[in-house]
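Heads up, the thing below is written out as structure tokens.
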Amino acid sequence: MDAPVKAHEFLHGIDKSSLIGITHGLDADTLVFTHSRHHIVVENVKDRVTVSSWSMKQIHHITAPAVYSPNRNQFLTVVNKNVIHCWDKDSKIEQAKKYSFQKPIHQLFSTATMEPIILHANGRVQLFSIGVAQRKQLLAALISTAEHIVWSDAVELNSHIMSVMVTQTKEYEYKIYIQALVDPQSTVETVDAPLLLQAGTHVSSCCLHQTINKKFDILMLLSDGQLCSIPTEAVTHQSLNTMDYNLHKIPCTVEKNVSITSTGPSNVAAAPVKLDNIDVLGIWNLRFGTLVHKIPLSSPVHKASQLFYNGEQLFLPCADSVLAFPHESQPSTLASVLGMSTGMVDPMNRGSNETEKLCSLLKAGDLTNLTSSKVKQLLQSSLLDTKAFPRDNLLQFVRSGLIRSSILQDFVPKLIQKKDVYLLHEAMKYLPDVSDFTMVQVLDFYLSQENGAFSEIVAPPQEIATLMGPLVDRLAEVNNNGADEDADVPATYRQWTGKAVAIDQLLSMKYNDVVLMQELQKLQLDRVLVLLQYLYCKLKHSPIKEEATGTPDITQVCDWLSLLLDAHFSSFVLDKKSHVILLKIVAFVSDQVHVYNELASLEPILMQLREQLQLPTQKYVGDYCIEILCIR
């Protein structure tokens with residue numbers, strides 16, 4: 001990512017220290033700047049021109065940031081804490097429609113298609129139309145009188161609106177509230193969860209962060225520099241410990257007036273923070289914990305700063321100006337942060353030429369010159385971080401054969417933890433020298449997964465007609481009925497080809513029979529029964545010789561079956577559920593032995609018939625010869 005250009009300044013000639021909020025404007029290029037005294041300015045941040053501005057009378061004070069509602073095509077703001085002003089974009093603010101409420105209003109939120117949201121100081125939220133209709137009524141409080149709102153936000157999600165807020169008491173106790181509003185009924189569903197922090201720490205700033213899968217997390221920057229990510233789905237009525245949701249420890253000094261904002265699925269910006277005793281605006285990668293940008297701040301940041309991102313620029317109110325830093329969010333990959341994971345390194349000074357060379361090789365897709373030690377260092381730095389998971393780059397490393405057996409003990413458990421079946425299957429396909437321990441570890445994971453988890457694994461067309469995948473659901477029939485009816489290759493087996501391909505890949509790999517038997521003893525009996533059932537199916541339909549890579553032949557299947565029987569012989573004897581499958585295996589093997597014996601007895605008969613029916617060899621007779629006939 002390129003370094004940002006020089007910051008631009010906005011709002012010349014007015015008191016920037018009174019700025020209380022920045023919100024989205026009429027379109028993607030305009031923003032609304034609100035000042036606590038009397039001013040509201042709509043600025044075109046792309047062309048750097050003022051579109052509209054309004055000033056209130058001296059007796060009125062704006063107490064919440066103004067918002068523009070596309071649904072109403074109006075601007076709205078809160079005056080003197082309990083009066084909402086609504087006016088058209090081409091009207092004067094004196095012509096605004098005014099709605100007085102009984103209790104104070106904390107903030108207004110705007111959505112793309114639905115009505116504006118009113119957040120009352122007592123914690124309750126309402127759609128604008130409902131709030132106006134009931135403004136003379138007393139609204140029951142959601143939060144106690146000892147709590148006050150330290151941060152709040154609202155987003156539109158399909159057919160409802162989600163409002164999120166964090167409250168605090170004097171004892172530095174925090175609580176998260178989530179309220180869902182459904183339009184047009186305006187029914188409100190509320191959940192709350194106490195927040196547990198380490199002693200001596202407090203919440204410095206919060207923001208909503210939309211993840212790659214379009215879900216929302218609550219990002220929290222704590223006073224000790226710890227960055228937490230709490231999924232909104234995790235907020236129930238149970239207490240939440242921030243230590244369970246830690247992302248990274250930002251090695252900086254967090255200022256009291258720090259503000260954070262999400263700049264895309266992969267990054268978060270924070271300002272002001274102190275790095276090397278300099279106040280900076282820092283942008284960190286959420287997946288790797290690396291510093292993406294470090295921008296020194298030339299002027300002090302206002303004590304009530306609000307960092308705002310509109311998709312193209314970062315806006316930060318300072319003491320004498322509003323600074324705009326061009327910034328474009330880009331997808332996070334291992335290549336984008338290569339060389340920066342061992343200490344927060346400024347990308348403008350990445351370090352050695354070797355690191356830059358590795359970065360260019362990875363971006364270009366040329367991985368042949370990357371050494372094993374360097375790949376090991378890069379992978380371990382990402383594997384040890386529970387939140388970082390560069391799937392595309394790991395897949396690229398796997399297919400290029402750059403992952404060595406020395407890091408499999410970290411690599412495979414990571415994939416199992418993430419339940420990434422496809423990447424695990426690719427790793428087993430391309431990684432050399434996979435140990436028997438790892439092989440059985442992966443096999444145990446495969447057997448524990450539902451068949452739908454293997455949807456990314458597609459069998460080649462020539463294998464679909466013959467693959468007989470294991471049915472995990474069939475185990476329930478074995479457990480309940482003591483027999484697996486129609487287990488001799490039912491037609492429904494054909495839909496489990498993804499799981500069959502993954503297991504076949506393991507069955508066709510090289511192994512040490514002594515070590516493998518010891519590892520197979522660690523499998524649980526229920527999964528052993530599933531594997532036994534599958535091996536029985538493969539025994540009936542495996543080719544005599546390996547037809548393709550990743551498909552076991554009859555010899556390999558027999559070896560696995562023998563090792564499995566040896567590893568769990570006592571369990572099979574005592575468990576009645578296994579007797580049905582074992583009897584079928586015995587019957588099948590007996591039939592095969594009988595057929596083989598019959599075929600073996602045919603061999604001398606065929607040889608005798610061939611000799612008797614063979615045509616006599618024609619002798620060469622010349623044009624002139626004497627033949628002697630013997631008459632008996």
Side-chain angles (χ1 to χ4, degrees), residues 428 434-449 466-490 493 496 499-546 550-597:
M428 294 299 100
V434 177
S435 66
D436 298 311
F437 168 79
T438 301
M439 191 187 310
V440 176
Q441 185 182 22
V442 175
L443 178 62
D444 182 54
F445 171 69
Y446 284 168
L447 295 174
S448 67
Q449 295 302 297
T466 58
L467 278 173
M468 299 299 141
L471 273 175
V472 175
D473 298 336
R474 304 287 289 183
L475 180 60
E477 300 180 15
V478 177
N479 293 335
N480 296 333
N481 306 326
D484 187 10
E485 298 181 2
D486 196 23
D488 299 336
V489 196
Y493 273 28
W496 309 110
K499 194 166 188 175
V501 171
I503 296 179
D504 282 355
Q505 178 64 41
L506 297 176
L507 298 181
S508 61
M509 295 173 64
K510 297 179 180 180
Y511 56 85
N512 182 296
D513 54 354
V514 177
V515 179
L516 181 59
M517 188 182 70
Q518 296 175 352
E519 297 299 331
L520 287 174
Q521 292 175 348
K522 301 176 183 178
L523 292 177
Q524 298 178 6
L525 182 59
D526 57 344
R527 295 172 187 173
V528 169
L529 292 177
V530 176
L531 181 59
L532 185 66
Q533 172 72 33
Y534 180 68
L535 289 173
Y536 167 59
C537 295
K538 295 299 295 183
L539 185 66
K540 300 182 67 173
H541 298 85
S542 294
I544 298 177
K545 295 183 178 180
E546 185 176 354
T551 303
D553 55 29
I554 189 66
T555 303
Q556 292 171 315
V557 173
C558 289
D559 288 345
W560 273 85
L561 190 57
S562 301
L563 292 172
L564 188 65
L565 292 173
D566 290 341
H568 292 271
F569 178 78
S570 59
S571 299
F572 289 148
V573 172
L574 299 175
D575 186 75
K576 295 182 179 180
K577 301 171 185 176
S578 63
H579 294 176
V580 177
I581 306 176
L582 291 175
L583 289 174
K584 291 183 178 182
I585 295 176
V586 171
F588 176 77
V589 173
S590 299
D591 291 342
Q592 296 299 311
V593 172
H594 177 72
V595 172
Y596 176 78
N597 291 334

Any donor-acceptor N/O pair, Lys538 side chain to Asp504 backbone, under 3.5 Å: no
Non-hydrogen side-chain atoms of Leu565 and Ile585 separated by less than 4.5 Å: no
Value rounded to 0.5 Å, distance of CG in Asp566 from CD in Gln521: 9.5 Å
Check: Met439 and Met509 side chains under 4.5 Å, non-hydrogen atoms: yes
Whether Asn597 side chain and Val593 backbone form a donor-acceptor pair below 3.5 Å: yes
Residues Asp513, Leu516; criterion side-chain contact (heavy atoms from CB on, under 4.5 Å); working and verdict: CA-CA 5 Å; Asp513 54 354; Leu516 181 59; 5.7 Å; no
Close side-chain approach of Arg527 and Leu443, heavy atoms under 4.5 Å: no
Straight-line distance of Asp436 CG to Lys510 NZ, nearest 0.5 Å: 12.5 Å
Which residues share a side chain to side chain contact (heavy atoms under 4.5 Å, CB included) with Val573, sequence neighbours left out: Phe569
Spatial distance of atom SG (Cys537) from atom OH (Tyr534) [nearest 0.5 Å]: 8.5 Å
Nearest-0.5 Å distance that lies between atom NZ in Lys577 and atom CG in Asp526: 9.0 Å
Evaluation steps, side-chain contact (heavy atoms from CB on, under 4.5 Å), between Val440 and Lys522: CA-CA 9 Å; Val440 176; Lys522 301 176 183 178; 5.7 Å; no
Pair Gln556-Leu507, side-chain contact (heavy atoms from CB on, under 4.5 Å): steps then yes or no: CA-CA 7 Å; Gln556 292 171 315; Leu507 298 181; 5.9 Å; no
Backbone of Val515 reached by a side-chain donor or acceptor of Gln518 within 3.5 Å: no
Where Ser578 and Phe572 come nearest, the two heavy atoms and their spacing: OG-O, 3.1 Å
Heavy-atom side-chain contact between Leu506 and Val434 under 4.5 Å: no
Distance (rounded to the nearest 0.5 Å) between Gln524 CD and Ser571 OG: 11.5 Å
Euclidean distance, Met428 CE relative to Ser508 OG, rounded to 0.5 Å: 12.0 Å
Donor-acceptor contact present, side-chain Trp560 to main-chain Leu535, <3.5 Å: no
Check against side-chain contact (heavy atoms from CB on, under 4.5 Å), Asp559 and Tyr511: CA-CA 10 Å; Asp559 288 345; Tyr511 56 85; 3.0 Å; yes
Close side-chain approach of Leu520 to Val528, heavy-atom, < 4.5 Å: no
